[in-house]
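Structure first, commentary second.
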Amino acid sequence: MAEAADFQGTSASPARRWLRRTGAVLAGAPLLAGLLQLPAATPADASGQESAQAASGAGSVSVAVDSLTPSTPSEGDTVSVRGTVTNNGKQPVTDAHVDLRVGPSLDTRSSIDALAKKSDAVQGPAGEAVGGKYTEKFSKLTPGVAEPFNISVPVDELGLGEDGVYQLAVALSGETAAQPWDRVLGIQRTFLPWQPEEAGTKTKTTFLWPLVSDVHMTAETGSNEQQTPVFSNDDLAEEISPGGRLDQMVSLGKGLDITWVIDPDLLASVDAMTKNYQVRGEDGTTISGRRQVVAKQWLSELQQAVAGKEVVALPFGDPDLASLAHNGTTVTGSLSHLKEATDAVDNTVPTILHMKPSTDFAWPVDGAVDPSIMKVATSAGADKVIARSDSLQDDLSYTPSAARPIGGGITAVVADSRMSTAFQGDLTKASASTLAVQRFLAQSLTLGLQTGKQRSVVVAPQRTPSANQAQAMAEALGALQGGNWSESQDLSAAAKAKPDPAANRKVPPASAYPPSLRKQELPRAAFEQIAKTQDNLDNFKVILTDESRVVTPFGRAMNREMSTSWRGRGVAAVGYRDDVESYLGGLIDGVKLIKKSETKLSGRSAMIPVTVQNNLVQGVEHLELRLTSKNPTRLKIGGNAYDEQPVAVNGGHSQSVKFTTSANANGRAEVEAQLYTEDGREYGEPVTFDVKVTEVTPTVMLVIGGGVLLLVLAGFRMYTQRKRAAAREAAEDAAGEADDDVDNPVDAPQHPEAPGDRLTEESEAGSRADAPQQPSDPAPDTAAESADPSGTGERVDR
C-alpha cells in the first residue's frame, strides 16, 4: 500500500525501503520453511504432476469423432462411430482402449449448450461404458501418433429410453509409467437424438440457403456497344468453378427442402461472365476473362436447383441495413439507393432465373434489430424483417413460433439463434463438423419436445458459409428432413403462421445493438462519398445522348458500395468507393474546354473562338457555353458582360464556338469560358485567358480613307468615259441612217461602200467587241442577235 501511495516518478526514502524489505522477508519465512520440509520430487513424480495437470483440462489424449452414423438412429439401427485418438503427452500410453458411453438425457436446450462448451473435458459424468466387444483396444499409443478407431454398436445395446437427446461420449482409457492404473485420458462428448417413432406434432422448420458473395464488379465498362464489364478480380470464377464455395452451395442445396435467399448482384455478375468480360490485374491493366463456360454451367445448375422452390431476393448488392440506419439516414439520398436496389431485382432475377422471387423480406446482419433498423428495412417496400432470437428475445420456458407482428403492418420473423449459429467457426476438421451437425439436431429435437403444440422455426445461418460449413449444413438438414420430428416449410408460410400471443413483440432499443456489430458498420463518411458520387452523376447524365450507358453501371456500383460484404473490410471498402468516384470523374473530364493562350484583338470588334472537346464515345448536348468578360468596360462579349451559346458535340469530336466581341479601349481584358448544363449548374473547370485589345490609330485611318477615296475616283472616271463613248457611237449611227434616207431611196440599187470605209467600221466594231468588260457590267441575259437575213418562215424580232 505504501508503494501504491508513492507518486509516480519519485523514489522512496531509505527508511521506507528498509521497512518494505524487512516486511517481505518476514512474510515469506513461513512459506520458505514449508518448502524446505518437502521431499525432493522424483522425475516420475514430476511426470505424474504433468499428467494430473493435463487430466484437469482436456486430457493428455485427444479424441476426435469424425463421423457418427446414422445421426438420428431408429429402432434396429447400428450406430457407427469413427475417429482418431492422439497421444499428446510425453509418455506412451499402454493398455489403451476406446469405448462408447451413454449419459443421461438432456432435457433443456441450455444443457446442450453447456455440454458443447466442455465436450472434451475428462472431468464430469460421462455415463456407463457399453464395453464388451464394442471396445477397440491399443497395446500402445506413441506420443504424437494418431490412431484410428471404428466402433459399431446396435442401438439396442445403448440402453436408450424415452425420446430425447442423449449424451454420447467416446472415451480413451489407459495407463502410463508415471500412473500405472487405468483411467480416462481423453474424451469427446457429442449428442445422440433419439426419436424412433413419428412425432404426433412435428416442428415446421424453415432453413434459409443464402447465395451471397463479395463485391466483384467495378463501375467500369468498355466503350463498345456491349459495354464489356470489368471485374476487380477473378475470385468469383473460383467460387463458381467445380468444387468452389458457390458451386457446392448450389449442388448441395439442389436436393434439400430450403428457401433460397439470393443477392441479385451475384446473378448479374455471373451472367456478365457468360459473355465477354475483363479482369483487372494487380498492376491496373485488364485482361480478358476466360470462364464463360463455367459461368454458364453454374447458372444452368442454379436454374434447375431453384425450380419449384421459394426464392427470396435481397435488394441488389445486399445493402447493409444497420449501417444505413445508424449512419446513413441523415445523408441526403441514402434511402433512395435502397429503393433503387430493391427495384433492380425485377431486372435481374426473373430474367436470369426465369421465375419471380419474393421481395417482401429484409435481412439485417445477424438478425440484430432496433427501431431504426426496422424503419429502414421496411422503407423500400419489405413488410417482413428476418430477426434473430438473441436480438428480439423471449422470456419463456419454450421457443415460440418465428412470426410475430410488431405493429405498423410489419412482421418480425425471428430465427432461432442456437440453430442459426450452429455452423459458424472453423469446420475444416471432420470432428468439428460432426459435432456441429449433432448439436444442431439435438437442439431441434429438444425444441420439438418442449410442448405438445406445433411451432414454426426459422434457421438463418451466416450469409457466406464456407464450403465446409455448407457441407455440414447440408448433412444436418438432410438428417433433419429424414427424421421423425420435423417437416419442411417455406419462409413465406412461416411468416404467415399463427403467432404465439406470449412471444415478445417489442423491438429492443438502439442501446441493445451489439457493439461488436456496430464496430463493423460503414461510417457516415461512406454515405457522404456515395452522395457526392450521385451528385456528380446527376450533373453528368443530363448532357448525354444515351444516359443509360452511364447511369445503370454507376447506379449498380453505388448499390455495391453499401453492401453488407464490406463489414470487417474497411480498407477495401474505401478503395472501392474511391475507384468508382475516380472513374466517374475521368468520364466527366472527357467533356471539357480546350485551354487558350493570350488572344490579340486588333480593331474594335472581332470573333473569339472557344473549343469544346468530347472524348466520350457518345455525343453530348444540352450544354451552354458562357464567355464572360472580367473587364466589360474594356471588352464586351456580344454587347454585354457575357454571352451564351448552346453546345452539342458528337462523340470523339471537338467543336469551336465563336463569340462576337467589341473593344472600347486598349489593354488586356481577362475572359472566362465556362460550360453549364441546361439547369444552370456549372460543368467542368473554367478556362481563363487574356485578350489584348489594340485600338486603331488616326494615321492608319487616314491611309485607309485615302485608299477608299482613290478607289471611288477611279470608278467614277471609268463610268464617265464609258458614258461618253456610248453617246458618240449613238450619234454616229443616227447620222449614217439619215444619209441613207436622203441619197438612197428604197427602190434604188445599193452602192458598195468604199473599201476604206468598210475597214474602218469593222475595225471600230472589232475594237468595241474586244474591249474588256468591267466587273460592274451586267451579264447579258439574252442571246446575241444574228445579222443574217431570216430564213423562210422564221420570225424576226425587232
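- Looking only at distances, a side-chain donor or acceptor of R245 sits under 3.5 Å from a matching main-chain atom of P465.
- Looking at every heavy atom in both residues, V458 comes nearest to A494 through CG2-CB, 3.9 Å.
- With sequence neighbours excluded, the residues that form a ring pair (Phe, Tyr, Trp, His ring centres under 6.0 Å) with Y513 are H326.
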**Message:** Does R455 form a side-chain contact (heavy atoms from CB on, under 4.5 Å) with L447? I'd like the steps, not just the answer.
**Reply:** CA-CA 9 Å; R455 286 160 292 165; L447 182 155; 4.2 Å; yes
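- In this structure, CG on D235 lies 11.5 Å from CD1 on I240, to the nearest 0.5 angstrom.
- Atom CZ of R569 has more than 12 neighbouring heavy atoms from other residues, nucleotides or ligands inside a 6.0 Å radius.
- Contact record, P196 with E75: CB-CG, 3.9 Å, taken as the closest heavy-atom pair.
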**Request:** Give the C-alpha distance, both sets of side-chain angles, the deciding distance and a yes or no for side-chain hydrogen bond (donor to acceptor under 3.5 Å, both in side chains) between D426 and T428.
**Result:** CA-CA 6 Å; D426 183 9; T428 54; 2.8 Å; yes
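- Partners of P104 by side-chain contact (heavy atoms from CB on, under 4.5 Å), not counting sequence neighbours: none found.
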**Request:** Any chance you could lay out the side-chain hydrogen bond (donor to acceptor under 3.5 Å, both in side chains) test for E301 and Q297, step after step, and finish with the verdict?
**Result:** CA-CA 6 Å; E301 292 180 357; Q297 181 65 28; 3.0 Å; yes
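- Scored by the side chain to side chain donor-acceptor pair (under 3.5 Å) test, R109 finds T399, D416, Q443 as partners (sequence neighbours excluded).
- Heavy atoms only, all atoms of each residue included: A237 and V294 are closest at O-CG1, 4.5 Å.
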**Prompt:** Could you go step by step and tell me if S60 and N88 meet the side-chain contact (heavy atoms from CB on, under 4.5 Å) rule?
**Reply:** CA-CA 5 Å; S60 59; N88 297 321; 5.7 Å; no
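- Checked by atom type and distance alone, the side chain of Q481 never pairs as donor or acceptor with a backbone atom of S486 at under 3.5 Å.
- Nearest approach of A479 to T72, heavy atoms of both residues: O-OG1, 4.1 Å.
- Within the 4.5 Å cutoff, side-chain heavy atoms of V93 are placed close to those of V61.
- With rounding to the nearest 0.5 angstrom, the OG1 atom of T190 is 5.0 Å from the CD atom of Q438.
- Formation of a donor-acceptor pair under 3.5 Å by the D99 side chain with backbone atoms of A129 is not found in this model.
- At distances below 3.5 Å, not a single donor-acceptor pair connects side-chain atoms of S111 with backbone N or O atoms of L106.
- Of the possible donor and acceptor atoms, none in the side chain of Q188 sits under 3.5 Å from a partner among the backbone N and O of D120.
- Between L141 and L172, the closest side-chain pair of non-hydrogen atoms falls below 4.5 Å.
- The number of heavy atoms from other shown groups lying within 6.0 Å of CD (E128) does not exceed 12.
- Shown here are the side chain to side chain donor-acceptor pair (under 3.5 Å) partners of S358, two or more places apart in sequence or in another chain: there are none.
- R463 forms a cation-pi arrangement with W363, by the criterion of a distance under 6.0 Å to the ring centre and an angle within 45° of the ring axis.
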**Message:** For Q471 and L252: C-alpha separation, side-chain torsions, deciding distance, then whether side-chain contact (heavy atoms from CB on, under 4.5 Å) applies.
**Reply:** CA-CA 7 Å; Q471 291 170 0; L252 291 170; 4.0 Å; yes
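- Side-chain contact, S67 with R82: a donor N or O sits under 3.5 Å from an acceptor N or O.
- Taking 4.5 Å as the limit, some side-chain heavy atom of S110 sits within range of a side-chain heavy atom of R418.
- In this structure, S213 and T464 have side chains that are not in contact, with every pair of non-hydrogen atoms separated by 4.5 Å or more.
- Among L435, L68, L441, the single residue meeting the side chain to side chain contact (heavy atoms under 4.5 Å, CB included) criterion with F191 is L435.
- In summary, K309 and D490 do not engage in a salt bridge, as defined by a charged side-chain N under 4.0 Å from a carboxylate O.
- A distance of 11.0 Å separates CG of L100 from OH of Y134, quoted to the nearest 0.5 Å.
- Checked by atom type and distance alone, the side chain of W485 never pairs as donor or acceptor with a backbone atom of T203 at under 3.5 Å.
- Within the 4.5 Å cutoff, no side-chain heavy atoms of L480 are placed close to those of F207.
- With rounding to the nearest 0.5 Å, the separation of CZ in R101 from OG in S173 is 5.0 Å.
- Scored by the ring pair (Phe, Tyr, Trp, His ring centres under 6.0 Å) test, F423 finds F440 as partners (sequence neighbours excluded).
- When every heavy atom of V345 is checked against every heavy atom of A313, the shortest pair comes out as CG1-CB, 3.6 Å.
- Proximity of a side-chain donor or acceptor of D394 to a complementary backbone N or O of N504 within less than 3.5 Å is detected.
- Distance CG/L256 to CD/E475: 11.5 Å, rounded to 0.5 Å.
- Between the side chain of D366 and the backbone N or O of A368, no donor-acceptor pair lies under 3.5 Å.
- Side chains of Q454 and T201: a donor-acceptor N/O pair is absent below 3.5 angstrom, by distance only.
- Applying the 6.0 Å contact sphere to NZ of K296 captures no more than 12 heavy atoms from other residues, nucleotides or ligands.
- The heavy-atom pair separating A470 from M249 by the smallest distance is CB-SD, 3.3 Å.
- With contacts defined as side-chain heavy-atom distances shorter than 4.5 Å, the pair I386/L208 qualifies.
- Inspection of the S401 and S456 side chains reveals no N or O donor paired with an N or O acceptor under 3.5 Å.
- With hydrogens and angles disregarded, no donor-acceptor distance shorter than 3.5 Å links the side chain of R404 to the backbone of P400.
- Looking only at side-chain heavy atoms (C-beta outward), S565 and V212 stay at 4.5 Å or farther from each other.
- Judged purely by atom type and a 3.5 angstrom limit, T411 has no side-chain atom pairing as donor or acceptor with the backbone of A495.
- Within the model, atoms CG of D107 and OG1 of T446 stand 8.0 Å from one another, a figure rounded to the nearest 0.5 Å.
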**Request:** Please step through side-chain contact (heavy atoms from CB on, under 4.5 Å) for the pair D113 and R439, ending with a clear verdict.
**Result:** CA-CA 8 Å; D113 294 337; R439 182 180 180 182; 3.2 Å; yes
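- Between L236 and L266 there is a side-chain heavy-atom pair separated by less than 4.5 Å.
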Would you mind writing out the side-chain donor-acceptor pairs for residues 145-171 within the sub-3.5 Å range, not counting sequence neighbours?
residue, atom, partner, partner atom, Å
S152, OG, S80, OG, 2.9
D163, OD2, Q195, NE2, 3.1
Y166, OH, G161, N, 3.1
Y166, OH, E162, N, 3.2
Y166, OH, E162, O, 2.7
Q167, NE2, P125, O, 3.4

